[in-house]
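Working notes, structure below.
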Amino acid sequence: MSDLRVRFAPSPTGYLHVGGARTALFNWLLARKQGGTFILRIEDTDVERSTKESVDAILQGMEWLGLDWDEGPFYQSENFPLYKQHVQQLLDEGKAYRCYCSPEELEARREQAMREGRKPKYDGRCRNLKDAPADKPSVVRFLAPQEGSTSFDDLIKGTISFPNEELDDLIIQRSDGTPTYNFCVVIDDASMRITTVIRGDDHVNNTPRQIQLYQALGFPVPQFAHVPMILGSDKARLSKRHGATSVIAYRDMGFLPEALNNYLVRLGWSHGDDEIFSRDEMVAKFDIGSVGRSASVFNSDKLLWLNAHYIKSGDPQRLSRLLLPFLAERGIDPAAGGPDLAAAVTTLQERARTMLEMADAVLFYYRAPEAYDQAALAKFEKAHLMAVYGVVAEKLAAATATTAAEFDALFKEICTENGWKMPQVGQPVRIALSGGTQAPGIGEMIVTLGTAEVVRRIERARQAVSE
Ligand code: GLU
């Protein structure tokens with residue numbers, strides 16, 4: 001075990017967003033690569049917006065992606081005594097003070113500053129207050145240094161420096177006694193001994209304030225790595241407008257977790273020209289320093305391409321397990337009869353790009369067609385169809401073939417004997433078996449369905465054509 005300690009700290013105000021998932025993945029990868037510790041912390045201090053459903057959705061997303069955590073989940077809402085204690089410590093040490101300015105007073109001063117062309121910033125008037133006004137509610141403000149600057153060496157963005165005069169005295173405790181966001185993050189990261197904070201770069205502006213708090217509290221300052229945002233195709237921040245952004249929505253659209261992980265790792269990070277990374281390869285090759293500095297554009301076509309790759313090369317048994325819920329939605333239970341699901345899946349791995357496509361394509365194995373693609377049938381003369389169905393049914397009923405290759409050979413033979421071309425036989429048979437023309441190779445289909453069922457379906461199609 002190395003000393004590296006990282007965390008993913010989502011706010012439970014919605015589902016797990018793909019951007020959050022990528023941040024979680026980068027943290028997880030670094031922890032696994034260095035033998036460090038990956039911690040999950042739920043930042044639920046915003047009671048109004050945090051929900052249990054959202055926590056569950058985030059945990060479900062993490063589990064589905066296989067991003068297992070070593071400690072947690074910890075909940076900020078359970079840490080209030082610790083935050084209070086540290087607010088008190090800063091007050092006792094004269095590093096924080098009570099401020100009695102009301103929100104209305106602050107707003108009026110802010111407007112005046114704007115009118116006068118000054119930066120709206122807290123003017124520090126309660127800093128040296130001798131007599132506290134009686135019965136007036138107060139907040140606690142951090143006494144921020146006014147001179148010099150606060151800098152850090154971001155592992156992704158390089159050195160970032162903020163002049164201290166631009167940072168005003170941060171409110172660390174509200175008038176109702178609750179601690180504020182930046183303060184909780186610092187207390188938690190310090191008490192969890194986080195060594196490297198990897199998070200979205202929408203938090204860059206919080207970092208100097210947090211560093212000042214670490215320093216005031218006497219805590220070691222962690223390293224920071226701010227990951228650039230994910231954008232939609234119009235270069236605006238990725239949102240629902242651009243399509244699905246929830247990890248679970250991708251699962252439900254038939255994406256595999258390894259495809260989404262592979263896609264997300266490449267979004268902003270590269271290793272030469274490599275595109276395909278198994279989990280182990282990702283862990284071995286990931287390096288936070290190689291994450292790019294600019295934002296990345298989400299490309300659903302590439303995700304689809306990766307998904308097709310993982311379906312093609314996937315283990316049929318595992319794909320079958322993942323397919324079951326999709327089949328259940330379609331009213332199919334493969335255990336109730338029909339071909340072995342893994343065998344059926346094998347025949348479709350080359351063509352299905354998602355598990356949804358796979359589910360639709362596999363249906364015919366379990367449900368004989370109720371209707372036939374009339375446009376496809378209309379390409380053949382009725383007499384030809386009757387002849388094909390008659391010959392094929394007869395040949396199959398007598399066939400001793402057992403493998404796909406043997407059945408393919410049998411169909412070649414049928415073609416030669418009757419002077420037909422392969423599509424003149426193949427298409428009508430596909431229509432008879434599946435209802436349409438988009439189906440796997442003839443030999444594979446027959447082996448998977450079994451000759452008895454194939455003959456039954458051909459007879460039925462013949463009947464339908466004759467009517
Ligand atoms: N809770 C914050 C968020 O969801 C993350 C804060 C952090 O990583 O420091 O954006």
Side-chain angles (χ1 to χ4, degrees), residues 4-31 36-59 61-62 65 67 69 71-80 82-83 150 152 154-157 160 162 170 172 178-214 217 219-230 237-239 245-247 264 268 288 291 295:
L4 178 94
R5 291 175 66 82
V6 293
R7 86 310 193 262
F8 176 51
S11 305
T13 55
Y15 47 75
L16 179 61
H17 187 278
V18 285
R22 185 185 55 161
T23 304
L25 176 64
F26 285 1
N27 274 288
W28 181 88
L29 284 171
L30 198 65
T37 306
F38 177 48
I39 299 164
L40 179 60
R41 178 171 82 224
I42 306 292
E43 303 209 316
D44 58 350
T45 42
D46 184 344
V47 257
E48 305 265 289
R49 297 178 61 222
S50 303
T51 64
K52 166 90 172 64
E53 290 71 44
S54 170
V55 172
D56 292 344
I58 291 168
L59 299 185
M62 298 276 291
L65 286 171
L67 304 178
W69 52 92
E71 292 179 17
F74 297 113
Y75 293 83
Q76 278 191 329
S77 56
E78 291 171 5
N79 257 352
F80 277 85
L82 189 69
Y83 307 138
T150 302
F152 59 99
D154 192 279
L155 296 174
I156 295 172
K157 293 179 180 278
I160 302 184
F162 291 82
L170 183 75
I172 56 175
T178 57
T180 56
Y181 171 73
N182 277 299
F183 190 73
C184 300
V185 172
V186 168
I187 302 300
D188 281 338
D189 283 338
S191 64
M192 291 171 187
R193 293 175 285 112
I194 300 301
T195 56
T196 309
V197 171
I198 304 173
R199 62 184 170 201
D201 70 359
D202 46 338
H203 289 283
V204 165
N205 288 335
N206 289 329
T207 307
R209 297 177 180 287
Q210 295 182 2
I211 290 175
Q212 291 179 348
L213 286 169
Y214 280 103
L217 289 157
F219 293 139
V221 180
Q223 286 195 297
F224 292 95
H226 286 97
V227 183
M229 292 286 105
I230 302 180
R237 194 171 161 172
L238 187 70
S239 73
T245 53
S246 137
V247 164
L264 290 176
I288 193 78
V291 173

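Just so you know, ligand 1 is whichever comes first in the structure, and atom 1 is the first atom listed for that ligand.
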Go ahead and list the nitrogen or oxygen contacts between ligand 1 and the protein that come in under 3.5 Å, distances to 0.1 Å, or just say none.
{"residue": "ligand 1", "atom": "1 (N)", "partner": "Ala9", "partner atom": "O", "Å": "2.7"}
{"residue": "ligand 1", "atom": "1 (N)", "partner": "Ser11", "partner atom": "OG", "Å": "2.9"}
{"residue": "ligand 1", "atom": "1 (N)", "partner": "Glu43", "partner atom": "OE1", "Å": "2.6"}
{"residue": "ligand 1", "atom": "4 (O)", "partner": "Ser11", "partner atom": "N", "Å": "3.4"}
{"residue": "ligand 1", "atom": "4 (O)", "partner": "Ser11", "partner atom": "OG", "Å": "3.3"}
{"residue": "ligand 1", "atom": "8 (O)", "partner": "Arg7", "partner atom": "NH1", "Å": "2.8"}
{"residue": "ligand 1", "atom": "8 (O)", "partner": "Arg7", "partner atom": "NH2", "Å": "3.4"}
{"residue": "ligand 1", "atom": "9 (O)", "partner": "Arg7", "partner atom": "NH2", "Å": "2.7"}
{"residue": "ligand 1", "atom": "9 (O)", "partner": "Arg199", "partner atom": "NH1", "Å": "2.8"}
{"residue": "ligand 1", "atom": "10 (O)", "partner": "His203", "partner atom": "NE2", "Å": "2.8"}

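Screening residues 178-190 for salt bridge (charged side-chain N to carboxylate O under 4.0 Å, His left out) gives Arg7-Asp189, Arg41-Asp188, Arg41-Asp189 as the qualifying pairs, with residues at least two apart or on separate chains.
In summary, the side chains of Tyr83 and Thr178 do not present any donor paired with an acceptor at a separation below 3.5 Å, with no hydrogens or angles considered.
Looking at residues two or more places apart in sequence or on another chain, you find a side chain to side chain contact (heavy atoms under 4.5 Å, CB included) between Thr180 and Ile171, Ile172, Arg174, Phe183. Taking Asp154 as the reference, nothing meets the salt bridge (Lys or Arg N to Asp or Glu O under 4.0 Å) condition, with sequence neighbours excluded.
Between Phe152 and Phe162, the ring planes lie parallel to each other; the angle is under 30°, not in the 30° to 60° tilted range.
At least one side-chain heavy atom of Leu40 sits less than 4.5 Å from a side-chain heavy atom of Pro10.
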